[in-house]
Every structure is written in C-alpha cells, then in structure tokens.
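Structure first, commentary second.
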There are 2 protein chains.
Amino acid sequence: MVTLKDIAHEAGVSVMTVSNVINGNLSKVSKEKAEQIQKIIEERKYVPNSSARSLAKSNSRIIALILRGEQNENTLQSAHNATLVGTIIQKVQSLGYYIMINIFKSQQDISQSLRTWSVEGAILLGMFDDEIENIYRVNDVPMVFVDSYSKVRQLSNVGIDDYKGGQLAAQYLIDHGHRKMAFVGPPTTHNGVIRHRFSGFCDTLKKNGLSLNPKHQFVLESDVQPEVIIETGKRIASLGKQITAAFVTSDQIASYLIHGLRTSDMRVPEDFSIIGFDDLMIGTQMTPQLTTIAQNLDKKANLSVEILFRQLQSPNSPAESLVLDVELKERESVATIFPEK
Amino acid sequence: MVTLKDIAHEAGVSVMTVSNVINGNLSKVSKEKAEQIQKIIEERKYVPNSSARSLAKSNSRIIALILRGEQNENTLQSAHNATLVGTIIQKVQSLGYYIMINIFKSQQDISQSLRTWSVEGAILLGMFDDEIENIYRVNDVPMVFVDSYSKVRQLSNVGIDDYKGGQLAAQYLIDHGHRKMAFVGPPTTHNGVIRHRFSGFCDTLKKNGLSLNPKHQFVLESDVQPEVIIETGKRIASLGKQITAAFVTSDQIASYLIHGLRTSDMRVPEDFSIIGFDDLMIGTQMTPQLTTIAQNLDKKANLSVEILFRQLQSPNSPAESLVLDVELKERESVATIFPEK
DNA sequence: CTGAAAGCGCTTACAG
DNA sequence: CTGAAAGCGCTTACAG
C-alpha cells in the first residue's frame with residue numbers, strides 16, 4: 001500500500017507538503033513542487049486512506065442513507081423507494097461523498113452506525129414520528145428526513161402535500177359521480193404520509209356531505225406483497241355495487257388491486273374506478289392507464305441531498321422543511337357514473 | 001465522544017483490557033472485570049471508532065456493493081436490480097458488516113473507493129467482460145460478481161442459466177405454433193446475460209429449422225425508459241402478421257411492450273404472444289399474466305453474499321462459480337396458433 | 001514556502 | 001490476567 005510517507009520520500013519533501021497538495025492547499029506549496037508531487041501521486045496510484053483522514057480530522061465524507069426495514073420485507077421492492085434511493089446515491093456521489101446504506105431494524109443500529117463511522121450527515125426515508133424524536137435526540141449529525149411528519153420543530157424534511165393529494169382524489173371521484181368509495185392502503189395509525197392522504201380524502205368527502213364507511217377502509221399490512229393486495233381486490237369485488245371507486249395510496253398497490261379485481265371479473269374502470277398515488281412509470285404501462293396523484297420523485301430526492309449539503313456547509317444554517325406540490329394526472333382508470341338517488 | 005481511554009479510566013484498567021473485552025477476547029480478562037467493563041460501556045453508550053480500528057488492523061467490516069450506472073439512468077428503476085440490492089444489503093447487515101454502495105461511472109472510481117476505505121470485499125452487479133478484467137486485476141479484495149460472463153478464470157460469480165432461458169423460450173413458442181418471432185431487449189454486443197439469452201433463443205430456432213430475421217431483433221438502448229419500449233411495441237404492431245411472438249429479455253420490458261402493442265390495438269395474446277424473463281411480481285399483476293422464464297432473485301442475492309463471506313473467512317478458498325437454474329412459468333401471454341403453411 | 005512533532009482512537013506484539 | 005509502548009496513515013497547529 002502506497003502511503004503519504006512513500007510519496008513524500010520519493011518527492012524529497014515532508015509528508016505535510018504532500019498532504020497540502022492532496023487537499024488543495026496550494027497556497028502553501030510552490031507551484032513546481034505541487035506539480036511534481038501531483039505527478040508522483042498519479043504514477044504511484046496513491047489513494048489516501050480515508051480511515052486515517054477521518055481519524056485525524058473528524059470528517060469522513062460519508063453520508064448515511066437510512067431506510068425503514070419492514071419486518072421481513074424488501075423495502076426496495078417498492079418502486080417509490082428504489083427510485084428515491086437510486087437518485088440520492090447518484091447525487092451524493094456526484095458531490096464526492098460516499099454512501100453507507102442502512103436498512104435499519106432498531107433505532108440503536110442507527111446511532112451505532114452513524115457514530116462508529118463518524119458519518120457527516122444522514123438522509124432518512126419514511127420514518128415515523130416516535131422514531132424521529134429518538135433518532136433526532138440521540139444523534140447530532142445533520143439529518144434530512146424524507147416524507148416524515150413530526151412534532152419535532154426545526155427538523156429538515158422534504159415531503160409532499162399528502163393531504164392535498166387526498167383532497168384531489170376525493171374531489172375528482174366526487175366530480176365523476178362517485179358517492180360510495182373505499183380507501184386502500186397501509187394502516188393510518190402512524191402520523192405519516194398515509195394518514196395525511198387519508199385525512200385529506202375523508203375531509204373532502206365530509207365537506208361534500210359524504211363519508212367513508214369504516215368497513216370500506218381496507219388496511220394492508222404489507223404494501224409490497226402482491227398476495228395480500230390481490231386478496232383485497234377480490235374482497236372489494238365481492239362487495240358488488242356497495243362501492244364504486246377506491247383511492248389507493250400508491251400506484252404499485254393500485255396495479256395489484258386491479259389485478260385482483262379482474263380476477264373476480266370486475267373491470268376497471270367500467271365496473272370500478274381506481275385512483276392511485278405517486279405517478280410511477282407502472283401507471284402508464286398498464287391498461288387502463290392509471291389516473292393518479294403525481295409527485296416528483298427526482299425532485300424530492302435531489303432536494304433532500306441539497307438541503308443536507310447546505311447543513312454540512314454551514315452547520316448552524318436553519319432547518320429547512322419543503323413541501324412539494326402534487327397534481328392529479330387524469331388517465332383512464334376512473335369512469336364517470338350517474339349515481340342512483 | 002466517549003473513547004476507549006475514557007472507559008478504561010472509569011474502570012480503572014488499561015485501554016487494552018477494555019479493547020479485549022470489546023473484541024471478545026475474554027480469555028485474556030478476568031470474568032469480574034469483563035462484566036464491570038461491559039456495564040460501563042453500556043452506561044456510557046460507548047461506540048468504538050471504526051476508522052481508528054480500521055486503521056490499526058486492516059479490517060474495516062465494509063462491503064462494497066457496486067452497480068453499473070448506465071448513462072443518465074437510474075439503475076434502481078430496474079425492479080430486478082432493486083430487489084437484488086435490497087436483499088444483499090439486508091443479508092450483509094445481518095452478518096454485522098456495513099454496506100457502502102456505489103453506482104459507478106468509471107472503473108477508476110471503483111478502485112478508488114475500495115482502497116480508500118480498505119473495503120474487505122465487494123459484490124458487483126452486471127459488469128461486462130472488459131470491465132471485469134480491469135477491475136479484477138487492479139483490486140485485490142475478494143470479489144463476487146453477479147450475472148457476469150468473463151474470460152477470467154477463477155472468478156467468483158453467481159449467475160443463472162441464461163442460455164437455457166433462451167432455449168426454453170424458443171422451444172415454448174415453437175411448441176405453440178409460432179414460426180416467425182422477434183427478440184426484444186438491450187444490445188447483444190456485450191458478452192453478458194442478454195447475449196446468452198439471445199444465443200439460446202437463436203440456436204433453438206435453428207435446431208428447429210427456423211431463424212431470427214435480423215430485422216426482428218429489436219435493440220433497446222435503454223431498458224428502463226418506458227417511451228423507447230412503448231415505441232418499439234408500436235413498431236412491432238405495425239408489422240402486422242409478419243411476426244406472431246416475441247421473446248423479451250425482462251418482465252419489466254415486456255410490460256411496457258405490451259402497453260405499446262395495445263396502444264396500437266394489438267391484443268396479447270390473441271394477436272401477439274409475449275414471453276418474458278425474471279418472473280418479477282409485475283408479471284402476475286398484469287393482465288394477461290405474463291408467461292416468463294423464472295429465476296430466483298433472493299437465492300441469487302443470498303448466495304453471492306455467502307460466497308463472499310466464505311472468501312473473507314479463508315482468503316485462499318477457491319473461487320466459486322454458481323449457475324442457478326431457470327424454469328418456464330406458463331401463464332397467459334402466449335397463445336397457441338396454427339401456422340399457415 | 002517548508003518541516004518536525006503531536007495527536008486522532010484504536011490494536012498488537014511484547015513484558016511482566 | 002494486566003499494562004506500557006509503538007504504530008496504523010493521516011492532519012493540524014506551531015516554528016522557522
């Protein structure tokens with residue numbers, strides 16, 4: 001392994017001169033020496049030892065990317081998460097930082113891995129309020145949350161207007177004549193995106209003199225396992241005309257659901273209307289194409305990185321909380337019906 | 001920050017005694033002391049500094065996970081890759097190691113990040129032959145490739161029987177009366193999985209007195225961008241009865257393709273048959289359900305980690321190359337036709 | 001502009 | 001069973 005010392009020796013200078021060249025402190029080194037040293041570094045293919053550097057300064061150039069790991073599921077099966085992760089990784093790398101990725105089981109794990117590597121900052125996807133409080137209190141690196149709702153003030157978060165998403169969905173269905181609707185998605189017990197979409201949906205129903213029959217809230221314990229969702233589709237189909245439409249919390253779920261409905265000979269949108277969430281690619285590739293509440297994933301990913309780096313640059317810059325807009329994309333999965341009176 | 005020294009001081013012992021307790025060298029420490037020290041460690045929430053440890057031993061407990069980064073695409077948009085990555089991360093973490101993830105642009109980047117962090121081992125997804133040679137020569141950590149074909153002997157690789165997959169697809173289509181077929185997928189120019197699926201497909205056609213008209217090999221420059229694929233679907237539709245079926249190199253591509261075909265009023269399987277590859281969840285959720293060549297992604301992911309750890313344990317254990325089987329899953333996207341003579 | 005020295009937090013022979 | 005000391009490869013004041 002080639003070290004600073006080797007380079008210094010070969011160049012006939014001290015290690016600290018080499019160190020200065022590597023770190024771009026060129027004001028402290030004469031031009032000729034700098035160039036000569038640079039040449040040797042390249043020839044010898046010298047790669048600085050990050051552990052040593054990290055130990056000497058407290059500056060690891062590592063960003064942690066932390067995901068919630070549902071019980072025994074693969075979080076990256078969710079196209080939403082996978083897309084986000086992919087974009088974040090690329091962005092962080094392009095800024096010259098390293099990514100340590102962490103699918104966490106317990107909160108202890110998080111602090112452990114943040115601290116053991118002197119991680120400089122962290123991006124956390126989809127945490128819940130109770131978790132956030134702990135994580136936030138225990139760790140003191142800059143953190144940016146994505147899609148989190150929390151009582152903690154001063155939290156940097158990038159999210160979307162989930163409530164409005166729910167509103168748009170409800171209004172759209174109502175405008176198309178639907179009166180008896182269902183809500184399909186993960187539990188609304190946590191103070192998270194799902195709950196807010198749910199609230200927006202229910203509130204809008206109420207405002208229009210309607211309401212969601214609790215029986216028609218279909219709670220999915222898993223949002224990536226097809227069987228469960230397909231089963232739900234069949235259950236909905238068995239309800240016949242009791243409900244005519246559903247707001248589904250993700251396009252991915254919606255696509256499975258539609259499959260379940262079809263298996264029970266219920267056609268979308270002729271017999272049953274569906275409105276999704278996310279605007280994933282899958283929504284345009286299915287038949288019918290999915291009407292959905294669209295969000296901009298790339299923007300969400302990139303902004304979270306940008307905010308984090310702003311905090312890294314100036315440690316006491318204020319927490320930033322961004323709420324991105326959502327919009328309804330009208331496609332083919334919702335039919336206009338004429339409610340019987 | 002709590003350090004070894006702090007703990008040692010508080011316990012009234014030397015740092016090396018504490019170090020031994022932490023590393024489980026209990027043979028060298030009396031039981032009472034060990035317990036007392038353990039208690040202090042927990043109370044003070046001591047977390048060892050991995051950089052320091054990594055510097056002292058050459059043992060970082062970091063595994064690099066390296067993905068090919070196509071031009072300006074998000075590799076994790078591929079459900080195949082995302083699933084693999086998710087499973088690998090969880091497995092590696094469960095073994096007490098850290099994952100540094102790397103979507104690489106150039107080969108230099110790889111060695112750079114492997115070396116700067118004294119990474120202990122690497123798992124590389126979907127590399128091509130020419131890249132492998134370089135990567136392999138320059139870096140001397142244990143590496144396991146996934147889905148790679150290479151002239152390099154002694155390479156640890158976990159792959160599937162892509163050739164057989166192509167054969168199965170061709171044979172199945174032939175058995176169902178198809179004579180004029182298409183191949184749809186990324187370029188077959190690299191010595192990679194696609195080429196082997198292609199070969200198996202073509203060879204089987206030949207064996208049956210058929211052949212693939214070069215015009216009917218549809219090459220996709222991007223395998224995750226819907227537009228390109230949907231466009232291809234339309235092109236195929238415009239060919240009318242010139243071809244009756246296509247072997248598509250992934251379920252994800254197949255799903256877009258079907259959409260493109262439908263847009264041009266071509267129904268699957270009534271007017272055109274499709275056989276996919278991978279057996280992703282998406283294949284069961286679409287209508288028609290996709291007939292496909294199935295592989296076991298979880299097994300592929302887990303085995304790659306297991307092999308890597310075997311190499312970590314005993315550095316001169318032989319390279320292992322595993323080829324997992326594939327099988328045809330018959331579903332609904334292929335119709336039986338009666339070829340005109 | 002350049003260098004000698006101390007120190008970051010750990011581990012590893014080596015003594016006792 | 002326990003400890004003092006050197007060393008891993010770097011950076012950072014501090015002198016010159």
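Computed from a predicted structure; not experimentally measured. Below, chains carry the letters A, B, ... as their sequence lines are ordered, and counting in each starts from 1.
Contacts between residues 30-39 of chain B and DNA chain D, counted as heavy-atom distances below 4.0 Å, involve B:Ser30, B:Lys33. Using a 4.0 Å cutoff on non-hydrogen atoms, the parts of residues 1-14 of chain A near DNA chain C are A:Val13, A:Ser14, ordered by number.
Put simply, the side chain of B:Gln93 does not reach to within 4.5 Å of the side chain of A:Asp109, judged on heavy atoms.
Every pair tested for salt bridge (charged side-chain N to carboxylate O under 4.0 Å, His left out) that includes a residue from residues 110-121 of chain B fails, sequence neighbours excluded, so the list is empty. Residue pairs meeting the side-chain hydrogen bond (donor to acceptor under 3.5 Å, both in side chains) criterion with at least one member in residues 74-87 of chain B, sequence neighbours excluded: A:Asn74-B:Thr87, A:Gln77-B:Thr83, A:Thr83-B:Gln77, A:Thr87-B:Asn74, B:His80-B:Lys300, B:Thr87-B:Asp298.
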| Under the 3.5 Å Watson-Crick or G-U criterion, the dot-bracket string of DNA chain C, with | for inter-strand pairs | |||.||||||||.|||
Please table the atom pairs, donor to acceptor, closer than 3.5 Å between any side-chain atom in residues 132-145 of chain B and protein atoms at least two apart or in another chain.
unit_1, atom_1, unit_2, atom_2, d
B:Asn134, OD1, B:Arg137, NH2, 2.9
B:Asn134, ND2, B:Gln107, OE1, 3.2
B:Asn134, ND2, B:Asp130, O, 3.4
B:Tyr136, OH, B:Gln154, O, 2.9

Ignoring hydrogens and angles, write down the donor-acceptor pairs under 3.5 Å from the side chains of residues 94-102 of chain B, residues two or more places apart or on other chains.
unit_1, atom_1, unit_2, atom_2, d
B:Ser94, OG, B:Lys91, O, 2.7
B:Tyr98, OH, A:Gln112, OE1, 3.1
B:Asn102, ND2, B:Ser113, OG, 2.8

Determine all donor-acceptor pairs shorter than 3.5 Å in which one atom belongs to a side chain in residues 31-38 of chain B; sequence neighbours excluded.
none

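Residue B:Asn20 is out of contact with every strand shown, counting any heavy-atom pair closer than 4.0 Å.
With sequence neighbours excluded, no residue satisfies ring pair (Phe, Tyr, Trp, His ring centres under 6.0 Å) with A:Phe104. Applying the ring pair (Phe, Tyr, Trp, His ring centres under 6.0 Å) test to A:His190 and every residue at least two apart in sequence or in another chain returns A:Phe128. B:Tyr149 is linked by a ring pair (Phe, Tyr, Trp, His ring centres under 6.0 Å) to B:His196, counting only residues two or more places apart in sequence or in another chain.
With 3.5 Å as the limit, one finds a donor-acceptor pair spanning the side chains of A:Ser14 and A:Thr17. No side-chain donor from either of A:Ser54 and A:Ser60 sits under 3.5 Å from a side-chain acceptor of the other.
Contacts between chain B and DNA chain C, taken as any atom within less than 4.0 angstrom of a protein heavy atom, begin and end at C:dG9 to C:dA13.
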